[in-house]
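Report on the structure given below.
First the proteins, then the strands, lettered A, B, ... as listed; each starts at 1.
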Amino acid sequence: MTETSADRVAVVVDTETCIGIGACVAAEPLTFEVGDDGISRVLSGGLLPRERAERVCSGCPSGALSIARAG
Amino acid sequence: MTLSGLDLASVDLTDPDLYADGVPHDCFARLRETDPVHWHPDSPVCRGFWALTKHADIAAISRDPKTFSSAAGFVFIEDLEPDAMEARRSMIETDPPAHTRLRRLVSPLFTPKAIAEYREHARTIAGGLLDHAFTRGTFDWATEVCEPMPIRVFTKIMGLEDHDAPSLARMANQLITVDDPELAPSEQDYARLRERGLEPRLVPFRSPAALDLFDFGRRAGDDRRKRPREDLLTRLVNAEWDGDRLSDLEFVNFFQLLIFAGNETTRTSLQQGMLALIEHPEQLERLRQAPDQIPSAVEEILRWATPIYYFRRTALADSEVRGRRIATGDKVVMYYISGNFDEEVFDSPFEFDLMRRSAGHLTFGGGGPHFCLGSWLARMQLAVMLEEFLARDVRLELAGPPRRLRSNFTNGLKALPVRVART
């Protein structure tokens with residue numbers, strides 16, 4: 001099945017909790033970066049297939065990532 | 001493993017001699033099986049505490065800093081008076097949100113991308129150390145390879161000079177040898193503390209070497225205040241804590257923490273990793289055939305080595321873990337060394353298997369705000385060392401018995417005598 005934009009979801013960073021470990025950057029280097037402020041951010045237009053998004057969220061040691069709710 | 005004769009009520013996990021001949025895995029296995037949230041009675045070292053030995057519980061507690069504080073009673077099993085805590089507090093003994101601010105000052109220098117920039121430097125160091133040691137044929141892996149490597153990488157990141165590495169390594173080592181009669185500080189060392197009006201309990205690890213690190217950090221920090229550079233040290237001297245610059249004491253404690261953490265843990269992983277490869281030569285051969293598996297090999301070495309046995313938290317509220325009631329003020333000690341061998345998480349945990357599919361070891365902690373700052377730095381150095389070792393097409397064999405550091409806190413070796421054997 002062809003992947004459509006509907007299969008892709010946005011991941012959001014909780015900027016209160018993030019301590020910039022960079023596990024997200026290691027897993028998805030095209031989607032995340034850690035800024036000079038020590039906080040991860042999603043690069044512009046960074047959407048991920050749901051499965052990969054779930055994996056990167058559960059792989060965050062500080063629990064700072066979640067999938068954005070639709071709408 | 002015979003577990004039947006083991007009386008858990010009489011096991012003293014705080015006794016450094018319990019770890020003298022190796023990690024007491026039989027005790028921990030028994031605790032996981034029969035009493036995973038174990039009330040450990042008062043010991044000669046400290047008041048009683050909860051000993052947590054299951055992977056899942058350690059992860060849950062690590063991720064709940066509101067209930068389980070690092071600031072309230074510090075992260076070691078010993079009981080500290082308020083003045084000692086004030087004198088010794090560093091980033092690992094703070095809770096969010098103060099911790100978050102401190103952590104973000106330093107975290108940009110330790111991301112995977114930032115660390116990748118030091119990879120070739122680390123490779124040059126590793127290659128040089130290996131070539132020198134292999135020429136000698138018989139040598140001490142612990143002191144001749146593992147000791148110089150991480151400190152030389154870390155001085156680069158910190159912005160310190162190469163020639164300072166040996167003395168910094170010595171000072172960092174002496175932080176954790178207070179319980180080992182062979183390497184313990186001398187009466188003269190303690191006298192130096194007293195001359196400055198200090199008791200051991202008022203300095204990190206109760207070690208006089210902390211003073212030397214403080215002095216070193218002070219001098220380096222003064223220099224960066226006058227001549228700022230693009231380095232970690234400059235970041236630290238310009239750092240703010242609760243809106244103010246770090247005080248002198250906060251700065252030197254932070255400096256001491258980074259030198260300790262950036263050095264001792266990686267050193268121990270390099271030691272225990274090589275010992276495991278010597279004891280499991282078939283694993284080294286498998287890796288030689290499949291060098292693309294180095295990343296998973298690194299994770300297995302980290303699990304197997306578990307350089308830090310435990311960190312402690314203090315309960316700020318009543319809670320329940322596996323039906324046991326943990327009261328406000330109780331000490332909770334998370335035994336990573338047990339969680340890393342938890343049968344519920346790792347298949348055949350006592351098999352050293354470099355191709356093991358990662359199940360999330362606890363060597364960098366159980367997650368949450370205090371997850372190891374230097375995790376990518378440690379992984380990079382272990383990977384580079386394996387790559388350089390494999391490139392030289394040798395294997396090592398023991399040239400004498402490994403000698404363990406006497407400690408209830410770290411899995412370090414004092415010596416690992418080896419000789420080169422061609423493959």
Side-chain angles (χ1 to χ4, degrees), chain A residues 1-5 7-71, chain B residues 58-66 70 91-92 94-117 230 232 234-235 238-240 295 298-299 358-380 383:
Chain A
M1 197 177 84
T2 320
E3 201 175 71
T4 68
S5 62
D7 301 321
R8 298 167 75 85
V9 295
V11 173
V12 288
V13 180
D14 178 350
T15 55
E16 296 293 304
T17 320
C18 176
I19 48 168
I21 294 164
C24 52
V25 185
E28 298 288 349
L30 301 178
T31 308
F32 296 92
E33 70 172 11
V34 177
D36 267 346
D37 52 4
I39 303 173
S40 291
R41 66 173 128 265
V42 180
L43 295 170
S44 61
L47 294 175
L48 286 171
R50 179 168 289 276
E51 197 188 320
R52 275 162 59 190
E54 284 168 357
R55 205 179 312 136
V56 80
C57 289
S58 67
C60 173
S62 53
L65 298 182
S66 56
I67 292 174
R69 293 232 296 273
Chain B
I58 293 169
I61 280 170
S62 303
R63 288 161 192 248
D64 184 5
K66 283 203 174 86
S70 297
M91 179 172 68
I92 58 167
T94 58
D95 292 329
H99 169 268
T100 317
R101 287 197 294 275
L102 284 172
R103 175 78 183 225
R104 284 175 183 166
L105 289 171
V106 287
S107 58
L109 283 85
F110 292 91
T111 61
K113 205 166 118 190
I115 291 306
E117 307 220 348
E230 284 285 313
L232 180 52
T234 306
R235 265 189 183 248
N238 291 327
E240 292 182 358
V298 165
E299 298 307 310
S358 170
H361 59 70
L362 299 169
T363 297
F364 297 130
H370 294 281
F371 187 87
C372 175
L373 171 69
S375 60
W376 302 108
L377 176 60
R379 287 183 171 117
M380 180 274 278

Do chain A and chain B have donor-acceptor pairs under 3.5 Å, and which are they?
residue	atom	partner	partner atom	Å
A:Thr15	O	B:Arg104	NH1	3.4
A:Thr15	O	B:Arg104	NH2	2.2
A:Cys18	O	B:Arg104	NE	3.1
A:Cys18	O	B:Arg104	NH2	2.9
A:Ile19	O	B:Ser107	OG	3.3
A:Ile21	O	B:Trp376	NE1	2.7
A:Pro61	O	B:Gly368	N	2.6

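Nearest heavy atoms, B:Pro112 versus A:Gly22: CG-O, 3.4 Å.
Residue with the most contacts toward chain B among A:Pro61, A:Cys18, A:Ala64: A:Pro61 (heavy-atom pairs, distance under 4.5 Å).
For A:Ala27, the side chain to side chain contact (heavy atoms under 4.5 Å, CB included) partners two or more places apart in sequence, or in a different chain, are A:Val56.
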